[in-house]
Amino acid sequence: MIPGRPPTSAPEPDTADQATKDAMSNATTVSPAHSASTASTLITNIASLVTNDPSLGWGSPRSSKFESGGGSPLGLIQDAAVAIEGDRVVWTGDQSKAPATDNRVDAGGRAVIPGFVDSHSHLVFAGDRTQEFNARMSGRQYSAGGIRTTVAATRAASDGELEANLTRYLHEALRQGTTTFETKSGYGLTVQDEARALRIAAAHTDEVTYLGAHIVSPDHADDPASYVALVTGEMLDACAPYARWIDVFCEKGAFDGDQARAILTAGKAKGLHPRIHANQLSYGPGVQLAVELDAASADHCTHLTDADVDALANSATVATLLPGAEFSTRAEWPNARRLLDAGVTVALSTDCNPGSSFTSSVPFCVALAVRDMGMTPDEALWSATAGGAAALRRDDIGRLTPGARADLLLLDAPSHVHLAYRPGVPLVSEVWRRGVREV
């Protein structure tokens, strides 16, 4: 029951009006597996509802891969309502046909969208790299150690300090609409520190990624092969129980294609599914390797050949774009338009980390993608919700359709387009996660 709002009593079956009966029998509904005591809630007076199911709105029916110039992938419904029971959506449609529920919430003419799915972040760390960023933005040389600086600070931090830092950024992200997040290890680079990072992360999300192969550990700088052996052996054994995914930074100065293949293959043998940092700084084998190994996602995808784009378009691997990194490093923007036009499934994520993309704001990344990466507002929102869900191989999040998890946002705006139209403005006014208002 929503505090401060009186329940709306459901009519008895023999007295319900015909419109309600018709709505319950003909609208898009699902029978939830909840007890009879579970309260139901109707959010009504929604100016524009994003369902991410084109069959429910005016968008052209299509798969999750959509083309430039086609119908909207968002399945928009105007003057809409959403019914929630327990932690699930059970009905969406025209508010005039809404079913009776125990509680009713007035959206006040706001837009409602799915909660953001941030499928790439690095949140278990200590310290920051303010001086490095300031020097980079000021055009000055700076000799700090980059990732190694964060590794040293993370190793020195206590478990409590790491968890406090993690929860701080999770709360920050939640206030901006992120209801599902993935996060990685990668700032410990020892067996003990990688395992504890994943253990801490696993207490807060199911989407945990083992990234022992972030860089070659400073302890093995003179013998990278020994570090690969550690990452695929003792470290993997210690980390696998806490993780769902395995990742590797496949790039010059980190791990080459053969090393990355060995690391991801070892992870698969332990039941971890691959994802990969690919083609961020230069052309390389990362994207092709991602497709070869059926990685859920190839992340960054800035420097792509035509063969890379074709491989992604003909695979189940999502191209996850991370515009916060390009913004914070003044690097070349990924060409989202090229990927979308080829039929690639695209996700947008923050890459929140202390070095190259210290933002937890998905709305900021949506605005960057529209302004600088060739995406339409509809495509950017889809990629930050349903696209992120695809990058995590989830079909229960990133959409507002019957059976989906009731993760949704109310915007202080009549349309989702305002996310790009009014960049930097805190438009997320309410955040509902698993059917409960948390912001």
Exercise. Where do Arg437 and Val431 land on the side-chain contact (heavy atoms from CB on, under 4.5 Å) test, with the steps shown first?
Worked result: CA-CA 6 Å; Arg437 181 181 173 183; Val431 179; over 6 Å; no
Exercise: do [X] and [Y] side chains pair donor with acceptor under 3.5 Å:
X	Y	answer
His303	Asp308	no
Glu182	Thr209	yes
Asp53	Thr51	no

Looking only at non-hydrogen atoms, find the nearest pair between [X] and [Y] and report the distance.
X	Y	value
Ala126	Ala157	CB-CB, 3.7 Å
Val344	Ala319	CG1-CB, 3.8 Å
Gly284	Asn279	O-ND2, 3.4 Å
Val151	Gly188	CG1-O, 3.9 Å

Between [Y] and [X], is there a side-chain heavy-atom distance shorter than 4.5 Å?
X	Y	value
Thr320	Cys301	no
Thr154	Asp193	no
Leu162	Phe125	no
Leu381	Thr385	yes
Phe116	Thr179	no
Pro323	Leu348	yes
Asp299	Leu322	yes
His214	Lys184	no

Is a side-chain donor or acceptor of [X] paired with a backbone partner of [Y] at a separation under 3.5 angstrom?
X	Y	value
Glu430	Leu409	no
Glu85	Val90	no
Ser357	Thr350	yes
Arg338	Leu304	yes
Gln288	Ala307	yes

Exercise. Should Val50 and Leu400 be marked as a side-chain contact (heavy atoms from CB on, under 4.5 Å) after you check the CA-CA gap, both sets of side-chain angles, and the distance that decides it?
Worked result: CA-CA 7 Å; Val50 172; Leu400 293 176; over 6 Å; no
For the [atom1] atom of [X] and the [atom2] atom of [Y], what is their distance to the nearest 0.5 Å?
X	Y	atom1	atom2	answer
Leu293	Ile276	CG	CD1	7.5 Å
Arg261	Cys250	CZ	SG	9.0 Å
Arg405	Ile84	CZ	CD1	12.5 Å
Arg434	Asp407	CZ	CG	7.0 Å
Ile263	Leu272	CD1	CG	12.5 Å
Leu312	Asp310	CG	CG	9.0 Å

Exercise. Would Gln280 and Thr302 count as a side chain to side chain donor-acceptor pair (under 3.5 Å) if you check the C-alpha gap in whole Å, the side-chain angles of each, and the deciding distance to 0.1 Å?
Worked result: CA-CA 5 Å; Gln280 177 186 4; Thr302 304; over 6 Å; no
For this session: Show your working on side-chain contact (heavy atoms from CB on, under 4.5 Å) between Thr180 and Leu392 and close with a plain yes or no.
Result: CA-CA 10 Å; Thr180 301; Leu392 297 174; 4.2 Å; yes
Problem set entry | Arg393 CZ: over 12 foreign heavy atoms closer than 6.0 Å |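 Yes - once you tally the heavy atoms of other residues, nucleotides and ligands closer than 6.0 Å, there are more than 12.
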For this session: Count the heavy atoms of every other residue, nucleotide or ligand shown that sit under 6.0 Å from CG of Asp206, and state whether that count exceeds 12.
Result: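 Atom CG in Asp206 is not crowded, with 12 or fewer foreign heavy atoms closer than 6.0 Å.
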Exercise. Do you know which of His300, His122, His277 makes ring-ring contact (aromatic ring centres under 6.0 Å, His included) with Phe249?
Worked result: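 Going through the options one by one, the only one that passes is His277.
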For this session: Check whether the ring centres of Phe358 and Phe327 lie less than 6.0 Å apart, and answer yes or no.
Result: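 Judged by ring-centre distance (under 6.0 Å), Phe358 and Phe327 do not meet the cut-off.
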For this session: Please check if the distance between the ring centroids of Tyr242 and Tyr210 is under 6.0 Å.
Result: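 Not close enough - the centres of the two rings lie 6.0 Å or further apart.
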For this session: Give the intermediate values and the outcome of side-chain contact (heavy atoms from CB on, under 4.5 Å) for residues Glu438 and Leu174.
Result: CA-CA 8 Å; Glu438 296 198 8; Leu174 180 66; 3.4 Å; yes
Please determine whether a side-chain nitrogen of the Lys or Arg among [X] and [Y] lies less than 4.0 Å from a carboxylate oxygen of the Asp or Glu.
X	Y	result
Arg199	Glu163	no
Arg136	Glu132	yes
Arg394	Glu207	yes

Problem set entry | Intermediate values then yes/no, side chain to side chain donor-acceptor pair (under 3.5 Å), Ser40 and Asp102 | CA-CA 5 Å; Ser40 57; Asp102 300 311; 3.2 Å; yes
For this session: Please lay out, stage by stage, how Thr376 and Asp378 fare under the test side chain to side chain donor-acceptor pair (under 3.5 Å).
Result: CA-CA 5 Å; Thr376 68; Asp378 285 12; 5.5 Å; no
Exercise. Which residues pass the side chain to side chain donor-acceptor pair (under 3.5 Å) test with His418, sequence neighbours left out?
Worked result: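 Expected list: none.
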Exercise. Who are the ring pair (Phe, Tyr, Trp, His ring centres under 6.0 Å) partners of Phe181, not counting sequence neighbours?
Worked result: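 So Phe181 forms no ring pair (Phe, Tyr, Trp, His ring centres under 6.0 Å) with any residue.
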Problem set entry | Residue from Asn134, Thr150, Thr149, Asn353 passing side chain to side chain donor-acceptor pair (under 3.5 Å) with Arg129 |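 Running side chain to side chain donor-acceptor pair (under 3.5 Å) over Asn134, Thr150, Thr149, Asn353 with Arg129 returns exactly one hit, Thr150.
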For this session: Go through Thr178 and Asp118 one step at a time and tell me if the side chain to side chain donor-acceptor pair (under 3.5 Å) criterion holds.
Result: CA-CA 7 Å; Thr178 297; Asp118 192 347; 4.8 Å; no
